[in-house]
Amino acid sequence: MKILQFTPGSYNFQYSLQCAVFEQEFNENYTGLSVFKEGDKSVTVYVPDEDYAFSAQVVGTTFRGEVERNDEVFKGKVIMQGQLVADNCIQGSIAGKHSEVPEMEVTGTFSLFK
């Protein structure tokens, strides 16, 4: 059985979010994200387009990251959970709740890949 690898380097990030309050779907694609290894299980993901970084844990094939957003559209914690489905490819789900407007919840999917 092959052990899947998640190595530092340049990654692409795609996501699709739904928000009932806005009654629309948001789709974004980012390229050139930098992933840095921080010990055995921790990684830092840097998003240059937004000059923003977040930390995540990669344990076995499980990925979990928390992003604290504080911009004009969304304020609150967004949790990304996923699985390593191939070498350097994570797919998963996104969920978050606005800290000031609790009924504003976002859900969706993401893919982080080389």
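None of the values given here were measured: they were computed from a predicted structure. Values below: every heavy atom of this structure, side chains too, minus hydrogens, waters and symmetry copies. Position 1 is the first residue of the sequence, and the numbers go up from there.
- The same ILVMFWY cluster, assembled from side-chain heavy atoms under 4.5 Å apart, contains both Tyr52 and Leu112.
- Judged by the 6.0 Å distance and 45° axis criteria, Arg69 is not positioned over the aromatic ring of Phe54.
- Contact of the Val45 side chain with the Phe36 side chain is not registered, since no non-hydrogen atoms from C-beta on lie closer than 4.5 Å.
- A donor-acceptor pair shorter than 3.5 Å can be found between the side chains of Ser42 and Gln57.
- Closest non-hydrogen pair, Phe113 versus Cys89, comes out as CB-SG, 4.0 Å.
- For Ser16, the side chain to side chain contact (heavy atoms under 4.5 Å, CB included) criterion is met by Gln18, Glu25, Asn27, Thr109, not counting sequence neighbours.
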Q) Please walk me through it: do Ser93 and Gln81 pass side chain to side chain donor-acceptor pair (under 3.5 Å)? A) CA-CA 5 Å; Ser93 63; Gln81 297 184 111; 4.9 Å; no
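- Taking CG of Leu4 as the start and CG of Leu84 as the end, the distance is 4.5 Å to the nearest 0.5 Å.
- Residues passing the side chain to side chain contact (heavy atoms under 4.5 Å, CB included) test with Ala53, sequence neighbours excluded: Thr44, Tyr46.
- Closest heavy-atom contact between Val78 and Phe74: CG2-CE2, 3.6 Å.
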Q | Candidate pair Glu66 and Lys77, rule salt bridge (Lys or Arg N to Asp or Glu O under 4.0 Å), full reasoning | A | CA-CA 7 Å; Glu66 292 185 6; Lys77 186 182 293 185; 3.4 Å; yes
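- Cluster membership for Met104 and Phe26, using ILVMFWY side-chain heavy atoms within less than 4.5 angstrom, is shared.
- The line from SG of Cys19 to CD of Glu103 is 9.5 Å long, rounded to the nearest 0.5 Å.
- Note on Ile79: it does not cluster hydrophobically with Val106, by side-chain heavy-atom contacts below 4.5 Å among ILVMFWY residues.
- Taking every heavy atom of both residues into account, Gly65 and Ala56 meet most closely at CA-CB, 3.8 Å.
- In this structure, Gln91 and Ser111 approach most closely via the heavy-atom pair CG-OG, 3.9 Å.
- For the pair Asp87 (side chain) and Gln5 (backbone), a donor-acceptor distance under 3.5 Å is present.
- Using a 4.5 Å heavy-atom cutoff, the side chains of Ile94 and Leu17 are in contact.
- Nearest approach of Lys114 to Pro8, heavy atoms of both residues: NZ-O, 3.1 Å.
- Aromatic rings of Tyr11 and Phe13 (six-membered ring for Trp) have centroids beyond the 6.0 Å cut-off, not under it.
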Q: Decide side chain to side chain donor-acceptor pair (under 3.5 Å) for Gln14 and Tyr30; before the verdict, give the C-alpha distance in whole Å, the side-chain angles of both, and the deciding distance to 0.1 Å.
A: CA-CA 6 Å; Gln14 296 175 334; Tyr30 292 95; over 6 Å; no
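- When atom types are taken as modelled, the side chain of Asn88 and the backbone of Thr7 share a donor-acceptor pair closer than 3.5 angstrom.
- Residue Ile90 holds its CD1 atom at 9.5 Å from OG1 of Thr62, rounded to the nearest 0.5 Å.
- Looking at heavy atoms from C-beta onward, Asn70 lies in side-chain contact with Lys75 at the 4.5 angstrom threshold.
- Residue Asp40 qualifies as open at atom CG: its count of foreign heavy atoms under 6.0 Å is 12 or below.
- Residues Phe6 and Val35 are in side-chain contact: their nearest non-hydrogen atoms beyond the backbone lie under 4.5 Å apart.
- Annotation for Gly32 and Asn12: closest pair N-OD1, 4.1 Å, computed over non-hydrogen atoms.
- Under a cut-off of 6.0 angstrom, the local environment of NZ in Lys41 is sparse, with at most 12 non-hydrogen atoms contributed by other residues, nucleotides or ligands.
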